[in-house]
Amino acid sequence: MRWVTLLLALVLAAGTFFVPVLDAPGVETDVGVSPPPIAVCPVEEGSGRNTNLSVLSTVDGPVGLTLFTAGESAGSLASATGASGSLVIPVVDVAAVGTVGGLVEMPNAISAAGSVVQGAASMSAEACASVPEAQAFITGGSTAGEATFELHLMNPYAGEAVVELIVESEAGTESNSRFEAVIVPPRSSTFVDFNDLTPGRESLSVSIETIKGRVNAIGRLGIHGDTGVWRALPGAIDWFIPVPKGSASKELIIATPANTEIDYQVDLFTPSGAEEAFATGRLTERGQHVIDLGEVTEEAIGVRVVSTGPVVPVLRWSSPDIGVAITTGVVVEANRWFLPGASTLEGGWATIIMLNAGIEDSTVSIRPLRENTSVRSFEVSSESVLAIGIEEADGYLVESTNPVVVLWTAQRAGSTSAAIGVPILDG
């Protein structure tokens with residue numbers, strides 16, 4: 001399928017012209033006053049689980065948090081990032097609210113927020129979304145066996161939102177009237193329980209089509225007593241995902257929301273170099289493929305997925321020993337990254353995985369954001385990956401001489417979590 005490489009190159013050269021950019025709805029504010037940058041975060045507080053929200057910025061500036069449920073605020077807090085440019089907010093100090101959405105007002109445009117949820121035998125992590133999408137797609141869900149899958153739709157705005165869900169499984173397109181005109185009230189959340197609506201499905205993908213308003217969508221997958229959390233994203237034609245080390249089952253799931261056949265190619269990056277076209281394939285309409293990366297190596301690696309049409313790839317890894325984690329990729333490489341929430345937890349360990357898919361070596365520095373910390377520097381060879389253990393912090397800032405892609409992962413007490421970094425594209 002070498003012709004696929006040529007076709008992909010042509011598509012990638014022109015692809016940006018086919019992907020529309022949609023403005024997010026405005027936040028209510030006084031006339032003439034610019035609203036602060038915002039992020040919408042998933043929050044779980046109660047029933048043995050606690051959430052810490054991490055806010056990272058390039059400045060010492062104000063931070064606001066509002067927990068929203070049932071159309072109103074369930075608690076709020078005003079604080080600041082401080083001299084380190086970082087802040088961690090234990091949600092338990094704000095309110096015991098169950099599973100809700102949190103609206104974070106950040107100090108400036110070069111800021112990021114992330115959510116880390118911990119339970120006695122579970123944890124999850126995800127960067128918070130800043131721009132709701134009119135169309136988004138999530139794949140990697142399952143309701144087979146012990147697996148549980150739920151979609152959390154969050155609407156932080158003053159107006160009602162309405163979405164339509166197009167659900168695909170190994171049985172085809174799922175038909176259910178409860179997928180039509182799903183209402184998300186103002187400043188509230190709506191939950192879609194797929195174990196109730198589509199039980200016994202090995203694979204589930206969901207297109208979220210906006211009819212009115214705008215929502216942020218988060219998936220929750222439960223396996224082995226642990227929970228993985230990941231965001232719904234719009235489809236794209238070029239993706240990067242660093243892959244953690246370990247012997248757990250590691251699956252690269254590639255799916256498309258499009259009603260057409262799509263060819264894809266997966267390039268593989270290891271500590272010793274790259275393998276172009278490691279895997280190729282063709283997706284049917286709204287189809288998905290699963291590639292077992294666990295058979296490749298137990299070392300940290302990275303993948304690039306390019307395609308002739310919109311796809312969304314996710315990385316899912318699990319085992320009875322570590323639970324489950326799932327994360328999406330990113331569509332850009334960058335010289336600077338925020339990793340909100342990245343930290344070693346008590347009784348566990350954490351790692352940053354850096355993917356350098358370029359043809360030049362990179363010098364990368366990692367800085368834990370908290371008081372009185374020092375910077376460490378490393379060389380990441382061209383077309384390779386590097387995994388570095390990290391210490392306790394509010395989060396991390398990663399800076400590189402050439403563009404890279406960064407992910408962090410943590411393990412503790414039979415549970416695991418992971419989150420792709422937030423690229424800093426301005427400044």
Do any N or O atoms from the side chain of [X] and from the backbone of [Y] form a donor-acceptor pair under 3.5 angstrom?
X	Y	answer
Asp267	Glu276	no
Glu275	Phe269	no
Ser142	Ala147	no
Thr280	Ala277	no
Thr327	Leu315	no
Ser343	Ala393	yes

Does a side chain donor of either [X] or [Y] reach within less than 3.5 Å of an acceptor in the other side chain?
X	Y	result
Thr173	Glu168	yes
Ser57	Asn108	yes
Arg49	Thr227	yes
Glu174	Ser169	yes
Arg286	Asn259	yes
Asn50	Glu45	yes

Report the residues that fulfil ring pair (Phe, Tyr, Trp, His ring centres under 6.0 Å) with His152, sequence neighbours left out, ordered by chain and then residue number.
Phe191
What residues, two or more places apart in sequence or in another chain, satisfy ring pair (Phe, Tyr, Trp, His ring centres under 6.0 Å) together with Phe149?
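Ring pair (Phe, Tyr, Trp, His ring centres under 6.0 Å) list for Phe149, sorted by chain: Phe194, Trp230.
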SB check [X] [Y] (cutoff 4.0 Å):
X	Y	result
Asp238	Arg304	yes
Arg178	Asp196	yes
Arg220	Glu44	yes
Lys212	Glu160	yes
Glu391	Arg370	yes

Walk me through whether Ile388 and Thr351 qualify under side chain to side chain contact (heavy atoms under 4.5 Å, CB included).
CA-CA 5 Å; Ile388 299 296; Thr351 304; 5.7 Å; no
Evaluate side-chain hydrogen bond (donor to acceptor under 3.5 Å, both in side chains) for Thr139 paired with Gln288, printing each intermediate quantity in order.
CA-CA 8 Å; Thr139 190; Gln288 76 161 230; 3.2 Å; yes
Which pairs count as disulfide (SG to SG under 2.5 Å) when at least one residue sits in residues 138-222, sequence neighbours excluded?
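Disulfide (SG to SG under 2.5 Å) check on residues 138-222 returns no pairs.
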How many angstroms lie between SG in Cys41 and CG in Leu53, if you round to the nearest 0.5 Å?
5.0 Å
Does a sphere of radius 6.0 Å around CD in Glu392 hold more than 12 heavy atoms from other residues, nucleotides or ligands, not counting ones at 6.0 Å or beyond?
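Count not over threshold, so no.
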Within a radius of less than 6.0 Å around CD of Glu346, do more than 12 heavy atoms belonging to other residues, nucleotides or ligands occur?
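For Glu346, atom CD is not crowded (no more than 12 foreign heavy atoms under 6.0 Å).
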Minimum-distance pair of heavy atoms, taken over all atoms of [X] and [Y]:
X	Y	result
Val88	Asn52	CG1-CB, 3.9 Å
Ala418	Ala325	N-CB, 4.2 Å
Arg201	Ala171	NE-CB, 4.1 Å
Gln411	Ile322	OE1-CG2, 3.5 Å
Ala236	Val331	CB-CG1, 3.6 Å

Does some side-chain heavy atom of Arg316 sit less than 4.5 Å from a side-chain heavy atom of Leu221?
yes
